[in-house]
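In what follows, every chain begins at residue 1, and chains take the letters A, B, ... in the order their sequences are listed.
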Amino acid sequence: MRELALIVAVLAAFLCAPWLTDSGVVLNFLIMVLFATLLGQAWNILGGYGGQFSFGHAAFFGTGAYAMAVLQTVFAVNPWLALPLAILCGVLVALVIGVLSFRYGLRGSYFALVTLAFAEVLRILANTFDFTGAGVGLQLPLREAAGNMQFADKTGYLYLVLSFVAFGLMLSWWLRHSRYGAWLSAVRDNEASALALGIDALRVKLAAIMLSAALMAAAGAFYLQYFHYIDPHIAYGPAISIEALVGAIVGGLGSVFGPLLGALVLHLLGEATRNLMGDLPGISLVVYGVVLVLIVMFIPRGLSGLFGRRA
Amino acid sequence: MLSILFPSLLNGVATGAIYALIALGLTLIYGVLHIVNFAHGAALMVALYGVYFLFTAWHVDPYLALPIMIVAMFCFGYGLQRFVIGRASHGKDEYILLVTLGIAIILENLALALFRSDTHSIDTAYTLATVDVFGALIALPKLIAFFGALAVSSALLLLIGRTQLGRAIRAVAREKQGARVVGIDVEHIYAMSFGIGMACLGAAACFLLPAYYVNPLVGNGFVLIAFTIVVLGGMGSFAGALIGGLIVGVVESLGGLWLGESLGQIGIFVIFIAVLLFRPQGLFGQKGA
Amino acid sequence: MKPAILEARNLAISFGGLKAVADVSLTVAAGSLTALIGPNGAGKSTLFAMISGFLAPDAGTVHFDGRLLSGLPPYAICRLGLARTFQIVQPFAAQTVRENIAVGSHLHEPRRRQALALADAVAERLGLAGELDKPAGSLTTAGRKRLELARALATRPRLLLLDEVLAGLNPQEVAGMIPVIRGICDEGVTVLMIEHVMQAVMNLAEDIWVLANGCLIAHGGPQQVTRDGAVIEAYLGKGMAARLAALDEPDAPGAPGKSDGAAHD
């Protein structure tokens, strides 16, 4: 119950932020932290609770973003209706990748590599076909209205991404207190034992990759609405996969608040580095890489591991 | 038809030889340390920049830079394994993979911050020279790369097969505990193998740059290609890496011919996924994943 | 004769041309405590793996409670009420003892709180009540063996396959486990156990199957099996049966009631 109270407190704090400041810079920082949290939460479901490390989570992110863009620009679907459809598309991609990889027993490094390859295939496809705008990408026409999921000020976007993160927090909490979560951890820790105890490991893993993809696709949809633009490199390139993975691992695998903690620490470090060294391209990713290596070397349980057991 | 097919095939074989050399380094590291080195592409990028700066700053010809790059990359790899990767494993595959991923991220973005995203190539007297091979014109640097890659690969096979060091490496690869018992310094052999794997990249960079280019993200393209080759040939198999390299080179070249530049790359990934799913031990390996 | 709850017919499997199990047929009577014994490498664990769905036999069938198990995956077999333990214990090391057992009790109990309560009850029965909050990885060998048993028991099986739950325990710990296993059987769970600790087998089992080199060589009650020439030869080597008979020692190896009855190979 203390965890639930903490979830409510954290959400309330973010909810109040727009009353405390109207600085666009601060709000933008909070939005980007929440966006990174969402990516980390998504990765944490499959990687943290499920123990399946994916290097290609951009496959779901990009699919969500592109589905959202194509539905709006080509089929003139309202974004609020396009959102669930975009999430569904991400989940379907996850189902295909999951069935293929898990059915043939891929795990560990092999699973990581095959997910990366799937993301690359999608990137090449998005780069080739006209309806995804090929290499140029897709631009969302600017029509600011809440009914069009385009907000006049940052508060609207903050609340939109916050609602996704809230869902992610609840999902994460549920995984720690439910039969499905227990099954998922069992499959992660020892698949043979899980099978012997009556757990259909394949289905459990499939459900995990689909849940994970749903959050990832929601993040992709949010990205499109916030920046009004998507191209193959942003959608399916390695940057998003890395951000998702590093945030989750730095924060602590299989923990409820880990992704939020990881995203906050990484973005603060990124800001600090930019202030210190100037806005060099890639410098914040250098920080991510250094933090990832240091965390894996010295505190593999992640930052939240420092505050008690799997908090 | 044949008039386009043959040069394309020839180009594919030449590129494939370079790929094979890159993959040899990866498969050596996998075979001995049983780790998937995700930083392989980024390390190649570092080597390419090395060759590039040797040429532009000190006018060292890429082919003359060969011994320098081999030694430099060997030292880089030895240190990396000894002081970073080896200390972070905690006995879990995934952690090693994450550390090598972290190293790849650091190297790539450091290059991006230092050298910006501009693409560089070098201009030598022979850059544009071509040679007539049975009626097909092929770039001279590519031809040199083909024979150079074969020569370095042969040297590597001799090193592993015929020397004291090679014997120790094979012993560690086969039976780590046993090797330790007979007095082999396993940590040292691990670092040596990693260093040799990186040295292959140093050599590959020297042959590659005159016919290619360098930018901070150039390694990305090679990582999956190298993994495809290694998986295709069977993780840890040298012969497999050589043949796999040639196959992938040809597939890429022909894929580009038929599907166009952009979609052409897809063939490699499809092979990669298919092999991982349906034949994880590779085409030539006996047992694997 | 009680009806058979498990019936294996003509099971066979080979690995790379090597016959691990050849044409084995055995039955386990409902409610019984049956043992499967045999020297190392006899194929006992392989037989368990085929019964529990972890290995697909090359030939033969398994019926559980009259139902054909062929082709069913392990989890489906467990759901039918046939649970197993592993010879090399496989705990979820990072999770607590309570969480480990709850994975088993979740099979028939979707609610978390209730599953955890059931886990507590099972732990109580197996003498693990004091360890509930410890991570499974921190348990002693004896503790892990109990946990392995507890998890399987929490799935509420009707037939329990125990693969050497006594191996690696000291005589005191073995003595502590014997009543636990007896208790499980008394509550109506049929038990088929692979065991090397002869003292326990002689104490517990009413029915014994003996496997050697992938073939069944004997079947019967404890007294019957220990006098069987083929069994003695399988354990002690060729010619030993004759020599023992010549000596006519009443203290034949494996005889019940002695302090050190473990059969070594």
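- Leu292(A) contributes atom CG, which lies 5.5 Å from atom CD1 of Ile105(B) (distance to the nearest 0.5 angstrom).
- Taking each heavy atom of Leu97(B) and Ala112(A) in turn, the nearest pair found is CD2-CB, 3.5 Å.
- For Phe38(B) and Phe55(A), the distance between ring centers is under 6.0 angstrom.
- Atom-to-atom distance recorded for Tyr95(B):OH and Met297(A):CE is 14.0 Å, nearest 0.5 angstrom.
- Of the atoms belonging to Leu224(B), it is side-chain heavy atoms, and not backbone ones, that fall under 4.5 Å from chain A.
- Chain B forms the most heavy-atom pairs under 4.5 Å with one residue out of Phe118(A), Phe298(A), Phe111(A), Phe129(A), and that residue is Phe118(A).
- In this structure, chain B has a heavy atom under 4.5 Å from the side chain of Ile249(A), while its backbone stays farther away.
- Heavy-atom distances place no part of Arg103(A) under 4.5 Å from chain B, backbone and side chain included.
- Annotation: the span from Ile106(B) atom CD1 to Tyr288(A) atom OH amounts to 14.0 Å, rounded to 0.5 Å.
- Residues Ala113(B) and Ile283(A) come closest through the heavy atom pair CB-CD1, 4.4 Å.
- Rounded to the nearest 0.5 angstrom, Leu98(B) CG and Phe53(A) CZ are separated by 5.5 Å.
- Proximity to chain B (any heavy atom under 4.5 Å) is restricted, for Leu245(A), to the side chain, taken from C-beta onward.
- Between chain A and the residues Ile103(B), Leu110(B), Leu101(B), Val36(B), the most heavy-atom pairs under 4.5 angstrom are made by Leu101(B).
- With respect to chain B, the highest number of heavy-atom pairs below 4.5 Å among Val286(A), Val291(A), Asn127(A), Val121(A) belongs to Val286(A).
- When the shell of 6.0 Å around CZ of Arg203(A) is examined, it contains 12 or fewer heavy atoms from other residues, nucleotides or ligands.
- Chosen from Gly289(A), Pro281(A), Gly282(A), the residue pairing most often with chain B at heavy-atom distances under 4.5 Å is Pro281(A).
- The contact between Ile242(A) and chain B is made entirely by side chain atoms (from C-beta outward), counting heavy-atom distances below 4.5 Å.
- Atom NE2 of His120(B) has more than 12 neighbouring heavy atoms from other residues, nucleotides or ligands inside a 6.0 Å radius.
- Between Leu276(B) and Tyr110(A) the shortest heavy-atom distance is CD2-CD2, 3.2 Å.
- Atom OG1 of Thr228(B) sits about 9.0 Å away from atom CG of Leu113(A), to the nearest 0.5 Å.
- The CD1 atom of Ile96(B) sits 8.0 Å away from the OG atom of Ser109(A) when rounded to the nearest 0.5 Å.
- Options Leu280(A), Leu125(A), Leu285(A), Leu116(A) differ in how many heavy-atom pairs under 4.5 Å they form with chain B, and the most are formed by Leu285(A).
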